[in-house]
2 protein chains.
Amino acid sequence: MANQPGSFTSETLAKAMDTNPVVIRRIMAGLRDLGYVRSEKGHGGGWTLACDLSKVTLRDVYIALGRPTLLAMGNRTEAPGCLVEQAVNAALDQAFGDAEALLLARFGEVTLAMLGDDLRKRLGSRKLQGMSTHHA
Amino acid sequence: MANQPGSFTSETLAKAMDTNPVVIRRIMAGLRDLGYVRSEKGHGGGWTLACDLSKVTLRDVYIALGRPTLLAMGNRTEAPGCLVEQAVNAALDQAFGDAEALLLARFGEVTLAMLGDDLRKRLGSRKLQGMSTHHA
DNA sequence: CATCATGCAACATATAAAGTTACATGAAAC
DNA sequence: GTTTCATGTAACTTTATATGTTGCATGATG
């Protein structure tokens, strides 16, 4: 979006990412609520960037998207009655917490501007090779 | 299992964990293949421990169980055509790798003997309170 | 040889993520 | 004003995955 002026409709974005407009709206809603993008209805409406890309990190995006689960395992239940589960939780809670904290810290080190710069480099070499323009 | 002598049938274990005997067999199969437990068919058969619990860590168990996914996110595709995805992967691959390594290292610090000791403590206080004996 | 237990393949169920449809709301063009 | 276009949102459907289940073969014991 930063590489092209103007606003983008959910439908345009959906086509670029090979998905559905409603899925785009669902995801963008979180970003809009935190002010990273703006949405306009009606003619000429759509989505526009509304933040300094060098100030917003992947951590901010992660939070805007509702802090989805980072770890595939971890406590199944907060206060398990099973004593074995309690013992395992006691032994690993710290580890899971540390792993999450590590990931969040790293997310915080990556700004959208950095991703944009890297993407532009990749776009440059793409033009020389004629690759697809689709996103995932 | 370490707290009680003899062998345990899949059915017994399944009842204790409120699941199905076949599920028990599926999980135990990985542990058996690495020699941590033994299985016997027929009369008086079932599962027995076959390892030094102070030598086997949760990391060993994790590997025996087929290294199931640890992180809920991460690269969806190894070599994505999407350049945005490529840029994000490049920025976060190291972070995901480090988080996994951290978890594995911590798993490696916890032996089954430690869990057993902790469990026995918990069982002790349980008897004073009359809690359930079920596992999860 | 009857019984009991694991081994394993095939099928069924449950859950969550992603995708889809339908319609309401609001903004711009005519 | 009313037609068109775009988002907002709820409800539903599809898909993928993990878990649970059934059925039967294999082997060991009494």
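Reckoned from all heavy atoms, side chains included, excluding hydrogens, waters and symmetry mates. Throughout, protein chains are lettered first and strands after them, A, B, ... in sequence-line order, and every chain is numbered starting at 1.
- Here D/dT21 presents its C1' atom at 6 Å from CG of B/N20, a figure rounded to the nearest Å.
- One finds a side-chain N or O of B/R25 lying less than 4.0 angstrom from the OP1 or OP2 phosphate oxygen of C/dT6.
- Among the heavy atoms of the strands lying under 4.0 Å from A/R32 are primed sugar atoms or P, OP1, OP2 only; no base atom is included.
- Among the protein residues, B/G46 comes within range of the sugar-phosphate backbone only, with heavy atoms under 4.0 Å from sugar or phosphate atoms but none that close to a base.
- Taking only side-chain atoms of B/H43, from C-beta outward, the nucleotide of C/dC4, C/dG19, D/dG20 with the closest atom is C/dC4.
- Rounding to the nearest 0.5 angstrom, the gap separating the CZ atom in B/R106 from the CG atom in A/D98 is 4.5 Å.
- As a whole-Å value, the separation of A/D33 CG from D/dT7 C1' is 13 Å.
- Distances from the side chain of A/T9 to the nucleotides D/dG8, D/dA6, C/dT3 place D/dA6 closest.
- The distance between atom NZ of A/K41 and atom P of D/dG8, rounded to the nearest whole Å, is 7 Å.
- Judged by distance alone, the side chains of B/S10 and B/R25 do bring a donor and an acceptor atom under 3.5 Å apart.
- Phosphate proximity of D/dT7 to A/S39: absent, as no side-chain N or O sits under 4.0 Å from OP1 or OP2.
- In this structure, CD1 of A/I27 is placed 11 Å from C1' of C/dG19, rounded to the nearest angstrom.
- Straight-line distance from the NZ atom of B/K15 to the P atom of C/dA5: 10 Å, rounded to whole Å.
- On a pure distance criterion of 3.5 Å, no polar donor-acceptor pair joins the side chain of A/R26 and the base of D/dG8.
- The distance from atom CD1 of A/I24 to atom P of D/dT9 is 16 Å, rounded to the nearest whole Å.
- Looking only at side-chain heavy atoms (C-beta outward), A/L115 and A/L53 stay at 4.5 Å or farther from each other.
- There is a path of hydrophobic side-chain contacts, each under 4.5 Å, that joins A/L71 to A/L65.
- Checking B/E11 against A/V22, the closest nucleotide of DNA chain C that is more toward the 5' end is the one next to B/E11.
- Applying the under-4.5 Å side-chain rule to Ile, Leu, Val, Met, Phe, Trp and Tyr, the cluster around A/L102 extends to B/L102.
- Atom-to-atom, CG of B/L31 to C1' of C/dT6 comes out at 15 Å; the value is rounded to the nearest Å.
- In this structure, A/E40 places its CD atom 22 Å from P of D/dT4, rounding to the nearest Å.
- In terms of position on DNA chain D, the residue among B/T69 and B/G42 whose nearest nucleotide sits closer to the 5' end is B/T69.
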